[in-house]
Number of protein chains: 2
Amino acid sequence: MYQGNIAVPEQLRTIEDAECLIESGECPIPPREILDRIAGKWAILIIVSTARAPRRFTELERLIEGISRRMLTLTLRNLERDGLLERTVYPTVPPKVEYRATEMALELYEAMLTLTNWSRKYSSAVAEARRRYDERQAAECDRL
Amino acid sequence: MYQGNIAVPEQLRTIEDAECLIESGECPIPPREILDRIAGKWAILIIVSTARAPRRFTELERLIEGISRRMLTLTLRNLERDGLLERTVYPTVPPKVEYRATEMALELYEAMLTLTNWSRKYSSAVAEARRRYDERQAAECDRL
DNA sequence: CAGTATCCATGTGGATACTG
DNA sequence: CAGTATCCACATGGATACTG
């Protein structure tokens, strides 16, 4: 049995309690939205790549493999709007714009690491569970 | 300045380093997939509501407001496949099926709390950032 | 350079009729 | 009861031509 101190299930008996934490609560911005923001394919990558030094638009476009111009723009705007990215425009010709992760963003990234740690800890267990599940499905299929 | 010990930016200079953590790495299941799994609107709610006691299908359908039958089924299957949910079938008539969160799932939920904590800490800062951003946009619009 | 605007393909998810 | 199957609406996201 797992003996760690998971505080939450002790307090959360109902789905409403959980929704308080996940969906709404007293916060102006519900946690759900935060999750959505960073769950996107690109946001975390942008935060990380602007964490140590300011980056320019084209630089990010090159760094982040596979991102489209559209998605880069959209994600940058959203992150900037939420105060996770600082945008500095140098009014030169040609224009120069730099993006840099804010401290808030760095802490968010740190929080993300808790999840990646879980992932590292259990990834083989999950893989194993999937293998067994798929095996059972195949067996089921054969039987019919 | 933020003085906490964010370990990662120290180690992660390039986007490739970050991708190691977020996208791939040596794990059989990349963290990205885990994020995708729980980022969905319903997964966490299901995990929480099956955390303290087994729940039946219809029970979940009633508990989790707004979920469609289709999404409930899909999410349950995915969670079961990943070993996050235990599915027990009682071969009675009518059938009875119970779902229960595994220990792995509880730990995942615990990890999620780090994010909701961030959210609680910064939600007003984010809201404020948004307000300012939108205000600037409106002013910009007026000027044109 | 740093975007914006447009078109289009695909995926996601709701509603619901049907079934063992 | 516990699903499955089907249809459809909408959002997401890629490619890319164009612009200040």
Side-chain angles (χ1 to χ4, degrees), chain A residues 23 32-33 35-46 49-50 53-81 85-100 133 136-138 140-141 143-144, chain B residues 23 32-33 35-46 49-50 53-81 85-100 133 136-138 140-141 143-144:
Chain A
E23 301 266 10
R32 156 104 271 135
E33 282 191 45
L35 234 198
D36 288 348
R37 180 76 56 251
I38 60 162
K41 201 172 177 181
W42 310 113
I44 323 158
L45 295 177
I46 290 179
S49 49
T50 55
R55 300 280 192 187
R56 303 180 61 175
F57 188 88
T58 326
E59 203 176 352
L60 288 170
E61 204 173 4
R62 268 183 293 104
L63 276 173
I64 303 178
E65 205 171 342
I67 196 170
S68 68
R69 187 157 296 185
R70 186 184 127 87
M71 284 319 292
L72 181 54
T73 305
L74 277 178
T75 314
L76 286 174
R77 287 297 165 274
N78 281 331
L79 291 175
E80 184 198 355
R81 177 164 183 261
L85 231 47
E86 202 179 77
R87 180 170 176 268
T88 316
V89 183
Y90 299 91
T92 57
V93 180
K96 178 180 173 181
V97 178
E98 282 187 342
Y99 294 91
R100 177 158 208 169
Y133 183 91
R136 274 200 302 276
Q137 291 304 310
E140 190 76 3
C141 207
R143 227 173 31 73
L144 303 180
Chain B
E23 300 266 11
R32 157 105 270 135
E33 282 191 46
L35 234 199
D36 288 347
R37 181 76 57 249
I38 59 161
K41 201 172 175 182
W42 310 112
I44 324 158
L45 295 176
I46 290 179
S49 49
T50 57
R55 299 281 193 187
R56 301 179 63 175
F57 188 88
T58 325
E59 203 174 354
L60 289 170
E61 205 174 3
R62 267 182 295 105
L63 276 173
I64 303 178
E65 203 173 341
I67 194 169
S68 67
R69 187 156 295 186
R70 185 184 127 88
M71 283 318 291
L72 179 55
T73 306
L74 278 176
T75 315
L76 286 173
R77 288 295 165 273
N78 282 331
L79 290 174
E80 185 198 354
R81 178 166 182 258
L85 231 47
E86 202 179 75
R87 180 171 177 268
T88 316
V89 183
Y90 301 91
T92 57
V93 179
K96 178 179 172 181
V97 179
E98 282 186 342
Y99 295 91
R100 177 161 208 167
Y133 182 91
R136 275 200 301 275
Q137 292 303 311
E140 190 77 4
C141 209
R143 226 171 32 70
L144 303 179

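Computation of the quantities below employed the complete heavy-atom set of this structure, encompassing side-chain atoms and omitting hydrogens, waters and symmetry-equivalent molecules. Keep in mind that what you see is a predicted model, and the values were worked out from it rather than measured. Convention: sequence-line order gives letters A, B, ...; per-chain numbering from 1.
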Check nucleotides 13-20 of chain C for protein N or O atoms closer than 3.5 Å to its own N or O atoms and list the pairs.
residue	atom	partner	partner atom	Å
C/dG13	N7	B/Arg70	NH2	2.6
C/dG14	OP2	B/Ser68	OG	3.1
C/dG14	O6	B/Arg70	NE	3.4

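- The shortest distance between the side-chain N/O atoms of A/Arg55 and the OP1/OP2 oxygens of C/dA2 is not below 4.0 Å.
- Atom CD of A/Glu59 sits about 8.0 Å away from atom CD of A/Glu98, to the nearest 0.5 Å.
- How far CD of B/Gln137 is from CZ of A/Arg77: 8.0 Å, rounded to the nearest 0.5 Å.
- In terms of phosphate contacts, B/Arg77 brings a side-chain nitrogen or oxygen within less than 4.0 Å of OP1 or OP2 of D/dG3.
- Between the CD atom of B/Glu61 and the P atom of D/dT4 there is a distance of 13 Å, rounded to whole Å.
- Shown here for B/Arg56 and B/Pro95, the closest heavy-atom pair between the two residues is NH2-O, 3.7 Å.
- Between the C1' atom of D/dA2 and the CG atom of B/Leu85 lies a distance of 15 Å, rounded to the nearest Å.
- Across all strands, A/Thr58 comes closer than 4.0 Å only to sugar-phosphate atoms, never to a base (heavy-atom distances).
- For A/Tyr90 and C/dG3, the OH to P distance is 13 Å, given to the nearest whole Å.
- Looking at A/Arg55, its side chain does come within 3.5 Å of a backbone N or O of A/Ser49 through a donor-acceptor pair.
- B/Phe57 has its CZ atom 6 Å from the C1' atom of D/dA2, to the nearest Å.
- Within the helix from C/dC1-D/dG20 to C/dG20-D/dC1, the inter-axis angle between the opening and closing five-pair segments is 40°, rounded to 10°.
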### Message
What verdict does the side chain to side chain contact (heavy atoms under 4.5 Å, CB included) test give for B/Thr50 and B/Leu79, after you've listed the backbone C-alpha separation in whole Å, the side-chain angles of each residue and the deciding distance to 0.1 Å?
### Response
CA-CA 12 Å; B/Thr50 57; B/Leu79 290 174; over 6 Å; no

### Task
Report the C-alpha distance between A/Phe57 and A/Val97 in whole Å, list the side-chain angles of each, state the deciding distance to 0.1 Å, and finish with yes or no for side chain to side chain contact (heavy atoms under 4.5 Å, CB included).
CA-CA 7 Å; A/Phe57 188 88; A/Val97 178; 5.6 Å; no

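- Residue A/Tyr99 places no side-chain N or O under 4.0 Å from the OP1 or OP2 atom of C/dC1.
- The CH2 atom of B/Trp42 sits 8.5 Å away from the OG1 atom of B/Thr75 when rounded to the nearest 0.5 Å.
- For the pair B/Leu76 CG and D/dA2 C1', the computed distance is 10 Å after rounding to whole Å.
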### Query
Does the side chain to side chain contact (heavy atoms under 4.5 Å, CB included) test come out yes or no for B/Leu63 and B/Leu45, once each step is laid out?
CA-CA 9 Å; B/Leu63 276 173; B/Leu45 295 176; over 6 Å; no

### Message
Before you tell me yes or no, could you show the steps for A/Arg69 and A/Leu72 under side chain to side chain contact (heavy atoms under 4.5 Å, CB included), namely the whole-Å CA-CA distance, both residues' side-chain angles and the distance that decides it to 0.1 Å?
### Response
CA-CA 5 Å; A/Arg69 187 157 296 185; A/Leu72 181 54; 5.7 Å; no

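- Spacing between atom CD of A/Glu98 and atom P of C/dA2 amounts to 9 Å, rounded to whole angstrom units.
- B/Arg56 places its CZ atom 7 Å from the C1' atom of D/dC1, with the value rounded to the nearest Å.
- If you measure from atom CZ of A/Arg62 to atom P of C/dG3, you get 15 Å, rounded to the nearest angstrom.
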